[in-house]
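Only one structure is covered here, and it is reproduced in the block below.
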Amino acid sequence: MNESRPYRRPQPGNWWAKPPYRAYTARELSGVAVAIYGGVLFAGLVSLARGPENWAGYVGFLKSPTSLALHVLLLAAVVYHVITWFQTLPKTMPKLIVNGEAVPAKKITGLATLLAGATSLALVLVVLGVTR
Amino acid sequence: MPDPAKRELRILRYQPGVDAAPAFGTFWVENAENLSVLEALQSIKDTLDGSLAFRWSCRMAVCGSCGMMINGAPKLACSTLLRDLPPGPVTVEPLNNFPIERDLVISVGGFVKKIESIYPYIIPKEPRTIAQGPYLQTPAQLAAYESFSDCINCMLCYAACPQFGENPDFIGPGAMALLQRYNGDSRDAGRQKRLDAIHGEDGVWSCTAVGICSEVCPKSVDPANAVNQNKTNSAFDFFLRFLRKE
């Protein structure tokens, strides 16, 4: 009998850059945008604690073209992250059984995305209403 | 000018003890309307090269033996028809992420060990005698785990999983689907034993929710769901163990 000499093929180091893994890589990278946006908000909190002058500087930065461009990019990445996050949601929860049948993943994603969109819109409206 | 009645297959060959590393070999097979990749391999073995090694059994996508990389994607050779593949040469390789034994045959020992490690059988809540009759289950209780029982152990999900590619000790999608098949069963009481087996880095926590395992599954088992809902179960179990009375 021949002895077994299995050959191991290493996984290419750039697997994440190739299909079908690109969508996953984009989803995970867009998570970095969420972290950067958290950093922007946190910087605001720090400048608020440091006093009115510091706060005015922060607001000045927010109004600058650089900040506006950054926010457009961040918003696009965060929206992409939200959409793909809810696409992943059905994979992370137990099967929803209603009337003895499993609820399809697309339905769960659709409802959750709608709910997130509606609450985000409500929040924007409340903030706009408060600041006027 | 290639013969239109023939189809080119580029097959990764490896003969242990002879070849230092695998290399592609090219074969031309007589094409036919309904020719599957498996049938093309069988015709090569019958007429061109009897030394070509590959696994197969049922020819109808229920045995899970003929999983291989076809044009770079993990597929069952029996249910992949040549006419559905883009024109030009078809590349056939052994499943990614597994050691190659010979040609298209990979080592399955590691996978079998993983299956064994998760207690792949019902551990009854209460022992019943035959006289007491069968364990009953409602349609909803069946629906909670039924899809996970459709797994045919073809290992396509492992070939699609980059985390298994990085860490061969990762329990992986297929074994987790089987784990959920039993943990989700209303007649079973082995949940704690199985959770204890998958808490570590080589358990569920190697998964980063890439999700391609579920896309390549020929039986729509959705192993990504099995892995990811057990991350939640594993986390809950970690925090609640302080409250549990042993």
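Heavy atoms only: backbone and side chains are in, while hydrogens, waters and symmetry mates are out. Note that the structure is a prediction, hence the values are computed from the model and not measured.
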Looking at A209(B) and Y24(A), what are the two nearest heavy atoms and their distance? O-CD1, 4.0 Å
Quick check on F148(B) against chain A: is it the side chain, the backbone, both or neither that has a heavy atom closer than 4.5 Å? side chain
Tell me whether the count of non-hydrogen atoms from other residues, nucleotides or ligands lying under 6.0 Å of CZ in F24(B) goes above 12. yes
Enumerate by number any residue of residues 72-96 of chain A whose heavy atoms lie under 4.5 Å from heavy atoms of chain B; in the absence of such residues, state 'none'. T88(A), P90(A), K91(A), T92(A), M93(A), P94(A), K95(A)
Enter the distance from I100(B):CD1 to R5(A):CZ here, rounded to the nearest 0.5 Å. 15.5 Å
Closest-packed option against chain A by number of heavy-atom pairs under 4.5 Å, given T232(B), V105(B), T208(B), V227(B): T208(B)
Report, as yes or no, whether the 6.0 Å neighbourhood of atom CH2 on W16(A) holds more than 12 heavy atoms from other residues, nucleotides or ligands. no
Within the supplied structure, the quantity of interest is the number of heavy atoms (other residues, nucleotides, ligands) at a distance under 6.0 Å from Y58(A) OH; does it exceed 12? yes
Ranked by heavy-atom pairs below 4.5 Å to chain A, first place among G165(B), G211(B), A226(B) goes to G165(B)
Applying a strict 4.5 Å limit to non-hydrogen atoms, the region of Q141(B) in contact with chain A is neither
Which one wins on heavy-atom pair count under 4.5 Å against chain A: G17(B), P139(B), A73(B), A20(B)? G17(B)
Any sub-3.5 Å donor-acceptor pair from R9(A)'s side-chain atoms to P94(B)'s backbone N or O? yes
Main-chain N/O of R102(B) paired to Y7(A) side chain as donor or acceptor, under 3.5 Å: no
Quick check: do Q11(A) and N96(B) have side-chain heavy atoms less than 4.5 Å from each other? no
Counting only heavy atoms from other residues, nucleotides and ligands, does the tally under 6.0 Å from CG of N99(A) exceed 12? no
Of the listed residues (P162(B), A143(B), A224(B)), which shares the most heavy-atom pairs with chain A below a 4.5 Å separation? P162(B)
